[in-house]
Amino acid sequence: MFTVTLFLWYNHVISDGEETFVERIAKDFFMRDALTVARDLPGKILVSVTPDGICSGRIVETEAYMGLGDRAAHSCRGKTPRTEVLFGDGGYAYVYLIYGMYRCLNISANVSGKPECVLIRALRPLSGTELMMKRRKTDMLTNLCSGPGKLCAALGIDRGYNGEDICGDRLFLCDDGCSPVIRTAKRVNIDYAGEAAEYEWRFLIDGSKFVSVKG
DNA sequence: CAGGCGATCACCT
DNA sequence: GGTGATCGCCTGT
């Protein structure tokens, strides 16, 4: 199994005893349109640091939400208290409660005034799997982070993370040079969005066993 | 200020 | 494949 230990004071990981340097992803990565960011994120490593421990996983599935013209986007009808963070600069977490009991993690994209974001839909677990298994009450690796609600539970992300800097101390992303083959699909559970439901704005690592739903 | 509902998940058949 | 859980947010009165 691929195990990673992250040392926060250096930007490197140790993978199966071999040291590999990684780059922390900076704000400019997220200051681009959400479609570009959503396509570039699969393969990158998401890291969560909490008092209980450090968890990380490789992003294997994302969706782009394009704001004002996108009927599936929460921000399509303008600014509300909930969606306020989307109207700021890219690179901040948008975390909301869905179906009364689960949370979804998005990263705001593009510049201030363009309320776009990328939904993180699934991870391949890398480090901190024991902690994630404890939080999720399952020991099945392919079921640990295979959905937006699941990965938030696994990483300990609650609504206190809304507005959190995605290049910060509690939450950040790394690039270890992985450049997987990406395929597209329609976004999930947005049947209400009319024509926008047909757009192929979901991005997955081709062949990954860790995605949420096939499509 | 009340009512409807959702960018999901787990469990059932 | 079908459905119930569960609650904050948004909309329309």
Side-chain angles (χ1 to χ4, degrees), chain A residues 30 33-39 41-42 46 57 59-87 90 92-110 114-125 132-164 166 171 182-205 208-215:
Chain A
F30 305 100
D33 72 90
L35 277 168
T36 304
V37 176
R39 171 167 267 286
L41 274 177
L46 176 64
I59 295 172
V60 298
E61 181 182 352
T62 64
E63 284 176 357
Y65 288 86
M66 291 298 283
L68 299 176
D70 178 7
R71 284 180 59 194
H74 287 173
S75 56
C76 73
R77 288 175 182 257
K79 192 191 282 191
T80 67
R82 180 174 67 149
T83 60
E84 188 175 4
V85 65
L86 297 177
F87 286 78
Y92 295 86
Y94 167 52
V95 179
Y96 64 92
L97 184 69
I98 186 66
Y99 298 111
M101 61 188 89
Y102 301 106
R103 284 155 273 285
C104 289
L105 170 66
N106 299 253
I107 303 174
S108 65
N110 219 322
K114 297 194 173 183
E116 304 172 9
C117 67
V118 177
L119 172 65
I120 310 299
R121 285 196 57 88
L123 307 176
R124 172 184 178 170
M132 291 196 276
M133 287 172 178
K134 186 176 150 200
R135 284 170 171 156
R136 287 266 300 120
K137 304 187 198 319
T138 176
D139 57 3
M140 193 181 171
L141 215 54
T142 51
N143 190 38
L144 207 49
C145 298
S146 55
K150 296 179 187 178
L151 72 89
C152 280
L155 297 182
I157 294 172
D158 58 29
R159 287 199 299 157
Y161 280 73
N162 192 46
E164 185 84 7
I166 205 71
L171 220 48
I182 308 295
R183 68 184 180 84
T184 63
K186 291 176 185 174
R187 294 176 293 177
V188 177
N189 286 338
I190 53 156
D191 294 343
Y192 57 86
E195 190 192 347
E198 303 302 312
Y199 302 159
E200 301 239 330
W201 285 358
R202 182 167 161 231
F203 300 91
L204 309 96
I205 293 186
S208 174
K209 293 177 293 190
F210 299 91
V211 299
S212 62
V213 287
K214 299 177 172 139

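Every chain is numbered from 1 and lettered A, B, ... according to where its sequence line falls, protein lines coming before strand lines. The figures here come from the full heavy-atom set of this structure, side chains too, leaving out hydrogens, waters and symmetry mates.
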Does the side chain of Val37(A) reach to within under 4.5 Å of the side chain of Ile107(A), using non-hydrogen atoms? no
Does Arg82(A) place a side-chain N or O at less than 4.0 Å from the phosphate oxygens OP1/OP2 of dC10(C)? yes
Rounded interatomic separation in angstrom, taking CD1 from Ile120(A) and P from dT8(B): 14 Å
If a stem is a run of at least 3 consecutive Watson-Crick or G-U pairs, both distances under 3.5 Å, which stems include DNA chain C? B:1-6 with C:7-12, B:8-12 with C:1-5
Rounded to whole angstrom units, what separation is found between the CE atom of Met140(A) and the P atom of dC9(B)? 15 Å
Taking 4.0 Å as the cut-off, does a side-chain nitrogen or oxygen of Thr80(A) come that near to OP1 or OP2 on dC9(C)? no
For the pair made of CZ in Arg77(A) and P in dG6(B), what is the distance, rounded to whole Å? 12 Å
dA10(B) to dG8(C) separation - C1' atoms, rounded to the nearest Å: 22 Å
Would you say Arg202(A) and Val213(A) make side-chain contact, with heavy atoms under 4.5 Å? yes
Rounded to whole angstrom units, what separation is found between the CD1 atom of Ile107(A) and the P atom of dA7(B)? 19 Å
For atom CD1 of Ile157(A) and atom C1' of dT8(B), their distance in whole Å: 16 Å
Between the side chain of Glu63(A) and the main-chain N/O of Val188(A), is any donor-acceptor distance below 3.5 Å? yes
Nearest whole angstrom, please: distance from the P of dC10(C) to the CZ of Arg71(A). 18 Å
Whether Arg187(A) side chain and Ala64(A) backbone form a donor-acceptor pair below 3.5 Å: yes
Measuring from the side chain of Asn189(A) (C-beta onward, heavy atoms only), which nucleotide among dC10(C), dT8(B), dC9(B) has the closest atom? dT8(B)
Please state how far atom CG in Asn106(A) lies from atom P in dT8(B), giving the value in whole angstrom units. 11 Å
Checking dC10(C), dT8(B), dT11(C) against the side chain of Val188(A) (C-beta onward), the nearest is dT8(B)
Report yes if the side chains of Cys76(A) and Tyr65(A) come closer than 4.5 Å at any heavy-atom pair, otherwise no. no
For Cys117(A), answer base if it contacts any base atom (sugar-phosphate contacts may also be present), sugar-phosphate if it contacts only those atoms, and nothing otherwise; contact means non-hydrogen atoms under 4.0 Å. base
Nearest-neighbour nucleotide for the Pro148(A) side chain, dT8(B), dG8(C), dA10(B) considered: dT8(B)
May I ask you to decide if Asn143(A)'s main-chain N or O and Arg136(A)'s side chain share a donor-acceptor pair within less than 3.5 Å? yes
Check every strand shown and say whether Ile190(A) touches a base, only sugar-phosphate, or nothing at a heavy-atom separation below 4.0 Å. sugar-phosphate
Write down the distance between OH (Tyr192(A)) and P (dC10(C)), rounded to a whole number of angstrom. 13 Å
Considering only atom C1', compute the distance from dC5(B) to dT3(C) and round it to an integer number of Å. 16 Å
Any side-chain heavy-atom pair of Ser75(A) and Phe87(A) under 4.5 Å: yes
Does a side-chain heavy-atom distance below 4.5 Å link Leu35(A) with Trp201(A)? yes
Is Arg135(A) reaching over with its side chain to a backbone N or O of Ala154(A), donor-acceptor style, under 3.5 angstrom? yes
With a 3.5 Å distance limit and no angle check, can you tell me whether Glu61(A) reaches the backbone of Ser212(A) through a side-chain donor-acceptor pair? yes
Base, sugar-phosphate alone, or nothing: which one does Arg136(A) contact when heavy atoms must sit under 4.0 Å apart? sugar-phosphate
Quick one, which residues of residues 95-103 of chain A touch DNA chain C with a heavy atom under 4.0 Å? Leu97(A), Tyr99(A), Gly100(A), Met101(A)
Could you tell me whether Arg187(A) contacts a base, only the sugar-phosphate backbone, or nothing, with contacts defined as non-hydrogen atoms closer than 4.0 Å? nothing
Between dA10(B), dC9(C), dC10(C), which one does the side chain of Arg159(A) approach most closely? dC9(C)
